[in-house]
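Here the structure is a predicted model, which means the values were calculated and not measured.
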Amino acid sequence: MKVKLITLGCKVNQYESQAMLEALLQAGFTEASPAEPAGVVVVNSCTVTAQSDHKVRQALRRAKRDNPGCVAVLTGCMPQAFPDAAAALPEADIVLGNARRADLVPRLREFLATKQRLVDVAPHTSGEPFEPLSVSAFSGRTRAFLKIQDGCNRFCSYCIIPYARGRVRSKPLEDLRREVAQLGAAGYKEVVLTGINLPAYGTDLGLHLCDAVDAACGAEGIQRVRLGSLEPEQLTPPVIARMAKQEKLCPQFHLSLQSGCDETLKRMNRHYTTGEYRQIVADLRSAFPDCAITTDVMVGFAGETVEEFEASLAFVEEMAFAKAHVFAYSRRPGTRAYSMEGQVSNREKEARSHRMLAVARASQQAFLREQVGKEEEVLFEQEKAPGLWEGYTRNYTPVLLASGKRLAGELVRVKIMETQDEAVIARSE
């Protein structure tokens, strides 16, 4: 029977989808090509915003339309956080929570035998172990993602994820070493360590994120180790100094900001001030010359005044991010911020988004101009157009190179010549 996976959301979901796909293939299923219909469609959901839930419903309807008679499986964060709403979706033949991914194959076989709808969403429990998933490859990708941490204990006032993912838990270090070695043996040159709250890795095991970085950097075959999104306040000077000793660690750090205003950060229940964030950025730039700092910035959070927005705008401009993902606050039922006073109108959110995006783009263009003239090693990923290849430097600068050779998965030394839109143009040495 042919299977197809639809992945919504973050890199952690991408890893989990790959693990589910490999479990299905090992059980005798085969992966459908994008153009052919499948007998089983698994929708791995995201629920970070109300719009995410809308996309889940759309994906289920599209799965049923494009794959007539298929078994539709809904799993991931949406059913875990909102089990009743997920169970009410008529298109989903099987509904599994985040704690039930290992049951995908047996539950699928049960449905195929009985044709009886299955809903199995178990709540997260205190002290539950890290889910024993593993992957050996990543379909169509030249970089491998490795989930090493799950859960979050932070409870930011706008965020539903602690309810969808449970408490912090970590991949055992020996399992991490084994899986990174497996990916290196499969030919991957770069591995990206990911998690729901990545810097919390090891707090349940008496370990630290630095232990995971050391283990990944020690794997044969792996030439680059990159970190996923980071909560900034956990990057203390000793942590930064220890990570800087690893030559394989890529000098690119995605430090989630959310707001550049202290009053807004307090309402968000973020665990740092703008002063602390500024110092962490300075420490990283000192320890990792030519590093790229990227971020997420939210505008229009509940209670955000004009003055607070202006402070956030000025801080983002000061930080000179290599790239910033700007998005408007979306009210999420089930979170504390949903019922906060001072909700900002959609029209005002849009206006603030435009202004913040302009600052973010100016910073990005300045960063790209700083890369011109440098000689860098690029890991190429895909052919953007015939004879035009796209890849990334160690500090995640997007590079375009004209070449008649197939470069996917290859490390190539180039010289950066000029900027073009949101990338740079290079020539090979």
**Q.** Donor-acceptor under 3.5 Å (Tyr396 side chain, Cys250 main chain)
**A.** no
Q.
For a quick check under 3.5 Å, do Thr7 and Ser17 share a side-chain donor-acceptor pair by atom type?
A. yes
Q) Can you tell me if Asn153 uses its side chain to pair, donor with acceptor, with the backbone of Val168 under 3.5 Å? A) yes
Q) Restricting to pairs with a member in residues 177-190, which pass salt bridge (Lys or Arg N to Asp or Glu O under 4.0 Å), not counting sequence neighbours? A) Arg143-Glu190, Lys171-Glu179, Glu174-Arg177, Asp175-Arg178, Glu190-Arg224, Glu190-Arg226
Q: Would you mind checking if Arg352 and Glu304 are paired as a salt bridge, meaning a charged N to carboxylate O distance below 4.0 Å?
A: yes
Q) Do we see a donor-acceptor contact under 3.5 Å between the side chains of Asp214 and Gln246? A) yes
**Q.** Residue list, ring-ring contact (aromatic ring centres under 6.0 Å, His included) with Phe130, at least two apart or on another chain
**A.** none
**Q.** Distance, nearest 0.5 Å, that separates CZ of Phe315 from OG1 of Thr274
**A.** 5.0 Å
Q.
Any salt bridge linking Arg167 with Glu128? Criterion: basic side-chain nitrogen under 4.0 Å from a carboxylate oxygen.
A. no
Q | Aromatic plane relationship, Phe145 with Phe138 - under 30° parallel, 30 to 60° tilted, over 60° perpendicular | A | perpendicular
(Q) Using ring-ring contact (aromatic ring centres under 6.0 Å, His included), reason through Phe155 and Tyr163 one step at a time and then give a plain yes or no. (A) CA-CA 9 Å; Phe155 290 92; Tyr163 304 96; 5.5 Å; yes
Q. Does a side-chain N-to-carboxylate-O contact under 4.0 Å join Arg165 and Glu131?
A. no
Q) To the nearest 0.5 Å, how far apart are CG in Asp204 and CZ in Arg169? A) 9.0 Å
Q) Are the side chain of Gln279 and the backbone N or O of Gly275 linked by a donor-acceptor pair below 3.5 Å? A) no
Q: Give a yes or no on whether the backbone of Tyr338 and the side-chain of Arg331 come within a donor-acceptor separation of less than 3.5 Å.
A: yes
Q: Indicate yes or no for a side-chain donor-acceptor contact from Asn13 to the backbone of Cys10 under 3.5 Å, with no hydrogens or angles considered.
A: no
Q.
Treating Tyr158 as the side-chain partner and Ala302 as the backbone partner, does any N or O pair qualify as donor plus acceptor under 3.5 Å?
A. no
Q.
Around atom CD of Glu317, are there more than 12 heavy atoms from other residues, nucleotides or ligands closer than 6.0 Å?
A. no
Q) Which residues pass the side chain to side chain contact (heavy atoms under 4.5 Å, CB included) test with Ala181, sequence neighbours left out? A) none
Q.
What I want to find out is whether Asp290 reaches Arg394 closely enough, with some N-O distance under 4.0 Å, to be called a salt bridge.
A. no
Q) Shortest non-hydrogen contact from Val281 to Leu255? A) CG2-CD1, 4.0 Å
